Amino acid sequence: MTQSTQREPTRFTTSDGVTLQGDLTSCDSPKLAVLISAGTGFPRQFYHAIAQFMAERGAIVLTYDYRGIAGSCQGDLAQSEIEYPDWGRYDMVAAVEHLSQAAPGLRITHLAHSVGGHFIGVMSNHQAIDRHAFVSVGTGYFGGHQIKNWPLEFYFWWILGSYSLLRWGYIKPVGGWQGEALPPRVFRTWRKWSQRRSYFRTDYEGLLKPQHYGDVTAPIRSWVFSDDPIATPRAARDLLAYYPNAAKSLQIRTPADIGVKRIGHEGAFRPGREALWLECWNWLSQDQVTD
């Protein structure tokens, strides 16, 4: 039996003073708290359908925009000093704190899309999360992606991205980039890591310091899809290896497995994927921390 739901806008502030925009989707009697962390360039509204699905089943769900993205974008983006790991070190930390205040006494779980699963290891409060559901989460290294996607990635990194930085000083949604505008340092770091087999591991003692990847022990279940050119099984396994002490499992699905014709890198969150959402819900709502 599903519950009626309501969604309310919310705001919260990070430890370094940045105000983020979010939405709380809840029901009358929540039994679980779910944090949804977005992929790069996706606004929080993109995840409202799955947030409502989980709220109907007894969750209070926080969707939010990282700094520099959509509702959390402030000031001149071209002059922004936002770095990619700031989304984990500050924004995800503050989101967990805000959700725990909104859902006192409830277990905190995490649904991560794409880069939403990358920065748990720089969160100072990662231990507050009971378990993680990764959806289309893999490293950004191009060599781990489907070969047919390489020309598009090279175009994005070196042609469109370079032009956009020169013309506007940030990544503007033009020329095929359909995501939100991106801060310049976020893009440059993303591009740098995308060229490395080790992805962000070489920055453990640099941009990602202090990091806690080896300290993350909350279990992770990761879903990837046969038609996703980016979060391939290889890329997903590579990313999961960055959490060496967490119990991990990888679920490989085809679109037909969940009754649709296409999933790709972003389609898992579009309406019509309720069979997949139920799998994620069943994983997150388990009472035990191991399965």
Side-chain angles (χ1 to χ4, degrees), residues 14-18 20 37-41 66-69 72-75 77-97 110 112-129 132 134 137-145 153-154 156-158 161-162 164-166 169-171 179 181-218 220 222 230-231 234-246 248:
T14 66
S15 63
D16 63 336
V18 176
L20 303 180
S37 293
T40 302
Y66 303 124
R67 63 185 61 199
I69 300 296
S72 297
C73 186
Q74 303 169 10
L77 205 58
Q79 303 302 315
S80 168
E81 297 184 356
I82 295 169
E83 261 291 5
Y84 216 8
D86 291 346
W87 292 353
R89 177 163 290 122
Y90 299 110
D91 301 354
M92 292 171 67
V93 167
V96 167
E97 293 174 348
H110 185 213
H113 177 212
S114 196
V115 80
H118 291 198
F119 296 136
I120 298 164
V122 297
M123 295 176 65
S124 58
N125 61 354
H126 66 83
Q127 67 280 355
I129 300 174
H132 304 272
F134 284 3
V137 176
T139 74
Y141 170 58
F142 80 91
H145 302 168
E153 294 188 35
F154 292 151
F156 176 62
W157 297 128
W158 302 108
S162 298
S164 193
L165 288 176
L166 286 171
Y170 64 95
I171 303 303
L182 299 179
R185 290 190 180 186
V186 166
F187 174 79
R188 289 191 177 100
T189 297
W190 188 15
R191 181 172 65 182
K192 176 184 70 174
W193 288 347
S194 77
Q195 309 304 301
R196 299 175 175 177
R197 176 71 175 82
S198 59
Y199 195 48
F200 58 55
R201 192 188 297 270
T202 52
D203 270 326
Y204 275 3
E205 296 303 316
L207 193 61
L208 294 171
K209 188 176 182 179
Q211 56 86 13
H212 321 282
Y213 285 90
D215 298 326
V216 175
T217 57
I220 303 168
S222 179
I230 298 172
R234 172 185 169 183
R237 292 187 182 99
D238 286 349
L239 194 285
L240 288 173
Y242 295 166
Y243 300 102
N245 296 311
K248 302 175 285 287

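Computed over heavy atoms, backbone and side chain alike; hydrogens, waters and symmetry mates excluded. From a predicted model like this one, the values you see are computed outputs, not experimental measurements.
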(message) Suppose we screen for side chain to side chain donor-acceptor pair (under 3.5 Å). Which residues come up paired with Arg234, at least two apart in sequence or across chains?
(response) none
(request) Could you tell me which non-hydrogen atom of Ala235 sits nearest to which non-hydrogen atom of Gly144, and how far apart they are? (result) CB-O, 4.0 Å
(request) Would you mind reporting whether Phe134 and Ile120 have side-chain heavy atoms less than 4.5 Å apart? (result) yes
(message) Measuring centre to centre across the rings, with the benzene-like ring taken for any Trp, is Tyr199 within less than 6.0 Å of His118?
(response) yes
(request) Using atom types as modelled and distance alone, determine if a side-chain donor or acceptor of Lys248 lies under 3.5 Å from a backbone N or O of Ala246. (result) yes
(request) Measure across Ile69 and Leu182 and return the closest heavy-atom pair with its distance rounded to 0.1 Å. (result) CD1-CD2, 3.8 Å
(message) What's the separation between atom CD in Glu97 and atom CG in Asn125, rounded to the nearest 0.5 Å?
(response) 5.5 Å
(message) Is there a side-chain contact between Pro210 and Arg89 in this structure, where contact means two heavy atoms from C-beta onward sitting under 4.5 Å apart?
(response) yes
(message) With heavy-atom distances below 4.5 Å as the criterion, would you say the side chains of Leu165 and Arg188 are in contact?
(response) yes
(message) Restricting to side chain to side chain donor-acceptor pair (under 3.5 Å), what partner residues turn up for Tyr84, sequence neighbours left out?
(response) Thr40
(message) Can you list everything that forms a ring-ring contact (aromatic ring centres under 6.0 Å, His included) with Tyr243? Sequence neighbours excluded, please.
(response) Tyr213
(request) State, yes or no, whether a side-chain contact exists between Leu240 and Ser222 at a heavy-atom distance under 4.5 Å. (result) yes
(message) Checking Arg67 now: which residues fulfil salt bridge (charged side-chain N to carboxylate O under 4.0 Å, His left out) with it, not counting sequence neighbours?
(response) Asp16, Asp91
(request) Examine Arg191 relative to Trp158 and say whether NZ or CZ is less than 6.0 Å from the centre of the six-membered ring and inside a 45° cone about the ring axis. (result) yes
(request) Go through His126 and Val93 one step at a time and tell me if the side-chain contact (heavy atoms from CB on, under 4.5 Å) criterion holds. (result) CA-CA 8 Å; His126 66 83; Val93 167; over 6 Å; no
(message) Just to verify, what does Arg197 make a salt bridge (charged side-chain N to carboxylate O under 4.0 Å, His left out) with, not counting sequence neighbours?
(response) Asp238
(message) Please identify which of these residues, Phe187, Phe142, Tyr141, meets the ring-ring contact (aromatic ring centres under 6.0 Å, His included) condition with Trp157.
(response) Phe187
(message) Restricting to side chain to side chain donor-acceptor pair (under 3.5 Å), what partner residues turn up for His145, sequence neighbours left out?
(response) Glu153
(message) Once ring-ring contact (aromatic ring centres under 6.0 Å, His included) is applied, do any residues pair with Tyr170, and if so which ones, sequence neighbours excluded?
(response) none
(message) Under the rule for salt bridge (charged side-chain N to carboxylate O under 4.0 Å, His left out), what residues qualify as partners of Glu81, not counting sequence neighbours?
(response) none
(message) side-chain contact (heavy atoms from CB on, under 4.5 Å) for Val186 and Glu83? Distances and angles first, verdict last.
(response) CA-CA 5 Å; Val186 166; Glu83 261 291 5; 5.8 Å; no
(message) Tell me the closest heavy-atom pair linking Gly117 and Val137, and the distance in Å.
(response) CA-CG1, 4.1 Å
(request) Would you check if the distance from the ring center of Trp190 to the ring center of Phe156 is below 6.0 Å? (result) yes
(request) Take His110 and Ser37 through the test side-chain contact (heavy atoms from CB on, under 4.5 Å) and record every step on the way to the result. (result) CA-CA 8 Å; His110 185 213; Ser37 293; 2.8 Å; yes
(request) Please examine the side chains of Arg185 and Pro183, heavy atoms only from C-beta on, and report whether any two atoms are closer than 4.5 Å. (result) no
(message) Run the side-chain contact (heavy atoms from CB on, under 4.5 Å) test against Thr217 and tell me which residues pass, sequence neighbours left out.
(response) Asn245
(request) With sequence neighbours left out, write down each residue that passes side chain to side chain donor-acceptor pair (under 3.5 Å) with Lys192, or none if nothing qualifies. (result) Asp203
(request) To the nearest 0.5 Å, tell me how far Leu166 CG sits from Ser162 OG. (result) 7.0 Å
(message) Can you list everything that forms a ring-ring contact (aromatic ring centres under 6.0 Å, His included) with His113? Sequence neighbours excluded, please.
(response) Phe42, Tyr47, His265, Phe269
(request) Not counting sequence neighbours, which residues clear ring-ring contact (aromatic ring centres under 6.0 Å, His included) with Tyr66? List them please. (result) Tyr64, Trp87
(message) By the definition side chain to side chain contact (heavy atoms under 4.5 Å, CB included), identify the one residue from Val122, Thr139, Leu208 that meets it with Phe200.
(response) Leu208
(request) Rounded to the nearest 0.5 Å, what's the gap from OG on Ser124 to CG on Asp215? Could you check? (result) 12.0 Å
(message) I need the Leu20 CG to Met92 CE distance, nearest 0.5 Å.
(response) 12.0 Å
(message) Rounded at 0.5 Å granularity, tell me how far CG in Leu77 sits from CD1 in Ile82.
(response) 6.5 Å
